[in-house]
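Working notes, beginning with the structure itself.
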Amino acid sequence: MASIAVCPGSFDPITNGHIDIIKRGAKVFDQIYVCVLNNSSKKPFFSVQERLELIKEVTQDIPNVTVSSYEGLLIEYAKSVNATAIIRGLRAVSDFEYEMQITSMNRVLSDEIETFFVMTNNQYSFLSSSIVKEVSKYDGDISELVPPTVESALKEKFRQLKG
């Protein structure tokens, strides 16, 4: 039986830190489903469709990755793709507290799906989509933080917003 994991997130936009976690998960599991979830506490910059397209483009060289989106509970999505694991990246201790709450709730909803925490590569420990958007907004250099496709998409989106 194939080992299947879900790597969820808002990915608004996907960063090199996200990609690092996805690639490392892809080495451990037979199949990784990268799932764009809509975080109701965040106001998205890119549409779900735009995020899906960016993720598909930057993960196309990872053969065991499938990209999709879902509205609803992560556990229900994980069950729908027969996943037995959820992969989450941790940057700092502050991430752990939030992730522990989510993981505990997921365990209540389904004790058959395990969550695996992957420590982010040190070079990305400060990195978040919010920081990338803020730096990009003011024309800062984000070339080492995101793939070129994402950098271009951010520049174009901000150009459109400025009119």
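What you see is a predicted model; the values in this text were computed from it and never measured. The figures that follow rest on heavy atoms only: side chains count, while hydrogens, waters and symmetry mates do not.
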Stepwise side-chain contact (heavy atoms from CB on, under 4.5 Å) check, Ile86 with Ile113: CA-CA 7 Å; Ile86 295 168; Ile113 299 174; 3.8 Å; yes

Full working for side-chain contact (heavy atoms from CB on, under 4.5 Å) between Leu154 and Lys133: CA-CA 7 Å; Leu154 280 162; Lys133 286 182 285 201; 4.1 Å; yes

Between the side chain of Arg88 and the main-chain N/O of Phe116, is any donor-acceptor distance below 3.5 Å? no

According to side-chain contact (heavy atoms from CB on, under 4.5 Å), who are the partners of Thr120, at least two apart in sequence or on a separate chain? Ile21, Arg91, Tyr124

I'd like to know whether Asp20 forms a side-chain contact (heavy atoms from CB on, under 4.5 Å) with Asn16, so could you lay out the CA-CA distance, the side-chain angles of the two residues, the decisive distance to 0.1 Å, and finally the verdict. CA-CA 6 Å; Asp20 177 58; Asn16 288 342; over 6 Å; no

Side-chain contact test, heavy atoms from C-beta onward, threshold under 4.5 Å: evaluate it for Thr15 versus Ser129 and give yes or no. yes

Got a sec: does the NZ of Lys27 have more than 12 other heavy atoms crowding it under 6.0 Å? no

Return the NZ to OG distance between Lys157 and Ser47, rounded to the nearest 0.5 Å. 6.0 Å

Rounded to the nearest 0.5 angstrom, the CG-CE distance for Leu90 and Met119 is 5.5 Å

Tell me, do Ile142 and Val150 make a side-chain contact under 4.5 Å, heavy atoms counted? no

Do the side chains of Val48 and Arg51 get nearer than 4.5 Å, heavy atoms only? yes

Reported CG-to-CG distance for the pair Leu127 and Asn121, which is rounded to 0.5 angstrom: 10.5 Å

I'd like to know whether CD of Gln160 has more than 12 heavy-atom contacts from other residues, nucleotides or ligands below 6.0 angstrom. yes

Does a side-chain N-to-carboxylate-O contact under 4.0 Å join Lys79 and Glu112? no

Quick one: does Asp30's side chain have a donor or acceptor within less than 3.5 Å of a partner on Ile4's backbone? no

Which pairs would a plain distance check flag for residues 66-78, meaning a side-chain donor or acceptor within less than 3.5 Å of a matching protein atom at least two apart in sequence or in another chain?
from: Thr66; atom 1: OG1; to: Gln31; atom 2: NE2; distance (Å): 2.8
from: Ser68; atom 1: OG; to: Tyr77; atom 2: OH; distance (Å): 2.5

Output yes when Lys56 and Glu53 qualify as a salt bridge under the 4.0 Å nitrogen-oxygen rule, no when they do not. no

For Glu144, look at atom CD and say whether over 12 heavy atoms of other residues, nucleotides or ligands are found less than 6.0 Å away. no

In the single-linkage hydrophobic clustering (I, L, V, M, F, W, Y; side-chain heavy atoms under 4.5 Å), do Tyr98 and Phe117 co-cluster? no

Nearest 0.5 Å, what's the CG-NE2 distance between Asp12 and His18? 9.5 Å

Please say yes or no: joined through hydrophobic side-chain contacts below 4.5 Å, possibly via intermediate residues, are Leu52 and Val146 part of one cluster? yes

Say you draw a straight line from OG of Ser130 to CZ of Phe45; how long is it, rounded to the nearest 0.5 Å? 11.5 Å

Here the gap from Ile62 atom CD1 to Ile19 atom CD1, rounded to the nearest 0.5 Å, amounts to 7.5 Å

Would you kindly confirm whether Tyr138 and Val132 end up in one hydrophobic cluster when ILVMFWY residues are joined by side chain heavy atoms under 4.5 Å apart? no

Side-chain heavy atoms nearer than 4.5 Å, only ILVMFWY residues, links allowed to pass through others: does that put Leu145 and Phe158 together? yes

For residues Asn64 and Ala26, report the shortest heavy-atom separation together with the two atoms involved. ND2-O, 2.9 Å

Within the supplied structure, the quantity of interest is the number of heavy atoms (other residues, nucleotides, ligands) at a distance under 6.0 Å from Phe126 CZ; does it exceed 12? yes

Same cluster or not: are Val36 and Leu54 linked, directly or through other Ile, Leu, Val, Met, Phe, Trp or Tyr residues, by side-chain heavy atoms under 4.5 angstrom apart? yes

Step by step, work out the side-chain contact (heavy atoms from CB on, under 4.5 Å) result for Val34 and Ile55. CA-CA 8 Å; Val34 177; Ile55 297 166; 3.9 Å; yes

Between Ser143 and Asp141, does a side chain to side chain donor-acceptor pair (under 3.5 Å) hold up when you go through it step by step? CA-CA 6 Å; Ser143 61; Asp141 182 7; 2.7 Å; yes

Would Arg159 and Glu156 count as a salt bridge (Lys or Arg N to Asp or Glu O under 4.0 Å) if you check the C-alpha gap in whole Å, the side-chain angles of each, and the deciding distance to 0.1 Å? CA-CA 5 Å; Arg159 190 187 64 69; Glu156 177 60 23; 2.6 Å; yes

